[in-house]
Amino acid sequence: MEEIPEKSFLATDKLIFGIGQVSKITGVSSRQLRYWEQQKYISAIQTKKGASRQYNMHTLIRIVNIQRFLNRGFTLSAAVEKALKIDEAAPVVKQFMTTQFKGLKKEADNKFLLDFGYLDNSKKQRVWGIIENGETSFEIEDIS
DNA sequence: GTTCTAACA
DNA sequence: TGTTAGAA
């Protein structure tokens with residue numbers, strides 16, 4: 001039997017994409033990808049000589065983020081800085097959500113409640129994240 | 001057929 | 001940044 005990794009069921013770092021795949025997925029031209037690498041904005045998996053470039057999932061996501069900011073009108077260098085902030089925030093947000101997110105309640109087709117657990121140790125109030133029609137907000141429920 | 005590097009009507 | 005060349 002194949003052993004299943006405990007931290008994540010998908011070994012995302014082992015998913016690799018060629019430059020053509022990345023270009024089609026992200027809409028970033030291969031010319032741009034090579035230029036960005038030259039500018040040290042992104043990096044391909046260590047490869048020999050003039051062999052074809054391969055990118056891991058993290059780099060793919062990074063490329064997607066940079067492209068999104070470019071589409072919003074940012075310059076390349078500004079887009080890279082924005083993407084870098086996301087790279088820093090992602091693991092923190094992930095840790096917070098995995099520990100604090102308790103479950104999901106579907107209240108209607110267009111309304112979901114995210115259970116964020118107790119507000120504090122008094123356990124007298126519960127925090128809900130609300131998402132309704134694309135709008136998000138918080139709500140505190142008093143527990144009697 | 002795809003990707004690489006280098007160069008530029 | 002696009003595109004093109006010749007090579008791998």
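For the numbers below, each heavy atom of this structure counts, side chains included, while hydrogens, waters and symmetry mates do not. Lettering follows sequence order; numbering is per chain, from 1.
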Chemist: Show which residues join A/L84 in its hydrophobic cluster (side-chain heavy-atom contacts under 4.5 Å, direct or indirect), or state none.
Modeler: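 Noted: A/L84 shares its cluster with no other residue.
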
Chemist: Is A/T59 reaching over with its side chain to a backbone N or O of A/Y55, donor-acceptor style, under 3.5 angstrom?
Modeler: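 Looks like no, no N/O pair under 3.5 Å.
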
Chemist: Counting only pairs under 3.5 Å, give me each side-chain donor-acceptor contact of residues 122-132 of chain A, with atom names and distances, residues two or more places apart or in other chains.
Modeler:
| residue | atom | partner | partner atom | Å |
| --- | --- | --- | --- | --- |
| A/S122 | OG | A/D120 | OD1 | 2.4 |
| A/Q125 | NE2 | A/D142 | OD1 | 3.0 |
| A/R126 | NH1 | A/D115 | OD1 | 2.9 |
| A/R126 | NH1 | A/D115 | OD2 | 3.0 |
| A/W128 | NE1 | A/E141 | OE1 | 2.7 |

Chemist: Can you name the side chain to side chain donor-acceptor pair (under 3.5 Å) partners of A/E37, sequence neighbours left out?
Modeler: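 With neighbours one apart ignored, the set is A/R53.
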
Chemist: Can you give me every donor-acceptor pair (side chain of residues 16-29 of chain A, partner residue at least two apart or in another chain, under 3.5 Å) with its distance?
Modeler:
| residue | atom | partner | partner atom | Å |
| --- | --- | --- | --- | --- |
| A/S23 | OG | A/V28 | O | 2.7 |
| A/T26 | OG1 | A/V22 | O | 2.7 |
| A/T26 | OG1 | A/V28 | N | 3.2 |
| A/S29 | OG | A/Q32 | N | 3.1 |
| A/S29 | OG | A/Q32 | OE1 | 3.3 |

Chemist: How is A/R34 classified with respect to the nucleic acid when contacts are heavy atoms under 4.0 Å: base, sugar-phosphate, or nothing?
Modeler: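 A/R34: base contact, heavy atoms under 4.0 Å.
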
Chemist: Taking salt bridge (Lys or Arg N to Asp or Glu O under 4.0 Å) as the test, write out the residues that go with A/K40, two or more places apart.
Modeler: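 Per chain and number, A/K40 pairs via salt bridge (Lys or Arg N to Asp or Glu O under 4.0 Å) with no residue.
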
Chemist: Sequence neighbours left out, what passes side chain to side chain donor-acceptor pair (under 3.5 Å) with A/N133? Give chain and number order.
Modeler: A/N110

Chemist: Could I get the full list of side chain to side chain contact (heavy atoms under 4.5 Å, CB included) partners for A/N71, not counting sequence neighbours?
Modeler: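 Residues passing side chain to side chain contact (heavy atoms under 4.5 Å, CB included) with A/N71: A/Q67.
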
Chemist: One character per nucleotide, please: for nucleotides 1-8 of chain C, 5' to 3', B when the base has a protein heavy atom closer than 4.0 Å, S when only the sugar-phosphate does, - otherwise.
Modeler: BBB-----

Chemist: Only pairs at least two apart or in different chains count here, so list each salt bridge (Lys or Arg N to Asp or Glu O under 4.0 Å) that has a residue in residues 74-93 of chain A.
Modeler: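 Listed by first then second residue: A/R62-A/D87.
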
Chemist: Mind checking which stems touch DNA chain B? I mean at least 3 consecutive Watson-Crick or G-U pairs, both distances under 3.5 Å.
Modeler: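 Stems for DNA chain B, defined as runs of 3 or more consecutive pairs: B:2-8 with C:2-8.
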
Chemist: For A/F69, what residues pass the ring-ring contact (aromatic ring centres under 6.0 Å, His included) criterion, not counting sequence neighbours?
Modeler: A/F74

Chemist: Which two nucleotides bound the region of DNA chain B that has atoms under 4.0 Å from heavy atoms of chain A, read 5' to 3'?
Modeler: B/dT3 to B/dA7

